[in-house]
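In this chain, residues are counted from 1 in sequence order.
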Amino acid sequence: MKKPETKQNVAGEPQPSSFPFAKLIPIAILVAGLAAAYAFGLTDYLSLTYLAEQQQGLKGFVAANSVLAALIFMAIYILAVALSLPAASVLTIFGGFLFGWFQAGVMVVIAATAGATILFLAARSGFGGFLRDRLGSKASAFAEGFRKDAFGYLLVLRLAPVFPFFLVNIAPALFNVKTRDYVLATAIGIMPGTFAFSWLGEGVGSVLDAARASGESPSISQLVTPQITIAFAVLALVAAIPLVLKRFKRTN
C-alpha cells in the first residue's frame with residue numbers, strides 16, 4: 001500500500017504533506033464574486049426587461065463612447081462567464097442590439113473565451129485532480145473522449161448547445177486538457193451560436209419598442225421575426241453537427 005507523501009520540518013523530522021489550500025484561492029474569489037452578484041442584485045440588469053427600459057440611454061452611450069462602451073461590455077461579459085452567471089445569451093442579444101451583429105459577435109467570442117478560460121484555470125488549479133480521483137468510473141466516458149482527442153471532443157461539446165455552458169467550461173479541467181486546446185476549441189465552437197444570437201439581438205429593437213408601448217415585459221416568445229427565425233435555424237444546424245461528425249467517423 002502506497003504511503004502518503006511526507007515533508008520534513010525544520011528539525012529534519014518527516015511530517016504529513018498538507019493540502020495546498022493556496023490553490024483554492026482563485027476558485028474562492030470566483031465563488032465570492034458570484035455570491036456578491038446575487039446579493040447586490042446585479043443579475044437584475046442582465047435581462048431583456050432592463051434592455052427594454054434603458055435601450056435609448058444605452059444606445060446613446062454607445063454612440064458617444066464607442067470604444068469605452070465596447071470595453072465595458074466585454075469586461076462585463078468576461079465577469080459573467082467567469083462567475084457562471086446565467087446571462088450569456090441575454091448579454092449576446094444586448095451586444096447585437098447595441099453594436100450590430102458582427103461587431104458584437106467578435107467581441108462576445110473574445111470575451112466568452114476569456115471568461116471561460118479564467119474559470120477553467122481556476123477549477124483546474126483548485127480541485128481538478130481532487131474531483132478526477134473521486135469521480136472514477138463515473139466520468140470514464142468524458143475521460144476517454146478527452147484522452148483520445150481533447151480538441152475535437154471539446155469542439156463537439158461547444159458546437160452542440162445541449163450541455164450548460166458553465167458545465168462545459170469546468171469539465172475539461174478534470175481531464176488534463178491543455179490550455180491551448182481549450183482556448184482554440186472554445187473560440188471556434190461558440191462562434192455559430194454567438195453570431196446567431198448577435199443577429200437575433202440586432203433585430204430585437206422593434207420587439208422591445210412594442211413591449212414598452214404595451215406595458216408588457218419582453219419575452220422570448222415575442223421575439224418572432226424573420227431574423228430571429230433564421231438565427232434559431234442556424235442553432236438547429238449547429239445542434240446537428242455532432243450527429244454528422246459521429247456518422248462521418250463511423251464511415252472512416
Side-chain angles (χ1 to χ4, degrees), residues 29-116 118-119 161 164-167 169 190-191 193-232 234-235:
I29 292 174
L30 294 182
V31 171
L34 177 62
Y38 278 103
F40 289 100
L42 299 183
T43 55
D44 295 339
Y45 299 98
L46 306 178
S47 66
L48 290 179
T49 299
Y50 180 77
L51 179 60
E53 294 172 349
Q54 304 295 329
Q55 57 176 313
Q56 297 303 324
L58 292 173
K59 275 280 193 179
F61 180 79
V62 171
N65 308 275
S66 58
V67 175
L68 178 60
L71 292 175
I72 292 175
F73 174 79
M74 292 180 70
I76 292 173
Y77 208 109
I78 290 172
L79 284 175
V81 173
L83 298 179
S84 298
L85 294 174
S89 297
V90 173
L91 277 175
T92 306
I93 292 173
F94 268 49
F97 174 73
L98 296 174
F99 302 98
W101 72 271
F102 182 76
Q103 181 181 344
V106 173
M107 292 192 300
V108 167
V109 168
I110 295 172
T113 301
I118 291 172
L119 180 58
F165 189 62
F166 80 92
L167 182 60
N169 291 343
I190 66 175
M191 281 183 183
T194 293
F195 281 101
F197 272 104
S198 297
W199 193 5
L200 183 156
E202 186 169 5
V204 81
S206 59
V207 176
L208 295 178
D209 290 337
R212 184 175 58 177
S214 63
E216 299 177 354
S217 297
S219 63
I220 298 297
S221 61
Q222 295 173 311
L223 307 181
V224 182
T225 66
Q227 285 185 323
I228 293 169
T229 301
I230 294 173
F232 279 107
V234 171
L235 291 178

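For the atom pair Ile72 CD1 and Leu68 CG, the distance stands at 4.0 Å (nearest 0.5 Å). To the nearest 0.5 Å, the span separating CG on Leu79 from CG on Leu30 amounts to 9.5 Å. In this structure, Thr43 OG1 and Leu83 CG are separated by 11.5 Å, a value rounded to the nearest 0.5 Å. How far CG of Leu48 is from CD of Gln55: 11.0 Å, rounded to the nearest 0.5 Å. Considering OH of Tyr45 and CD of Glu53, their distance stands at 10.5 Å, rounded to 0.5 Å.
Looking at Val67 and Leu71, their side chains come closer than 4.5 Å, going by heavy atoms from C-beta outward. Taking the side chain as every heavy atom from C-beta outward, Ile190 and Thr113 approach each other to under 4.5 Å.
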Pair up each side-chain donor or acceptor in residues 88-108 with any protein partner under 3.5 Å, not counting sequence neighbours, and list the distances.
residue: Thr92; atom: OG1; partner: Tyr77; partner atom: OH; Å: 2.8
residue: Thr92; atom: OG1; partner: Ala88; partner atom: O; Å: 2.8

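In this view, Tyr38 satisfies the ring pair (Phe, Tyr, Trp, His ring centres under 6.0 Å) rule with no residue, not counting sequence neighbours.
Smallest separation of non-hydrogen atoms from Ala116 and Val81: N-CG1, 3.4 Å. The shortest heavy-atom contact between Ala111 and Ile78 is O-CG1, 3.4 Å. For the pair Ile118 and Ala82, the tightest heavy-atom approach, listed with the atom from each and the gap, is CG2-CB, 4.1 Å.
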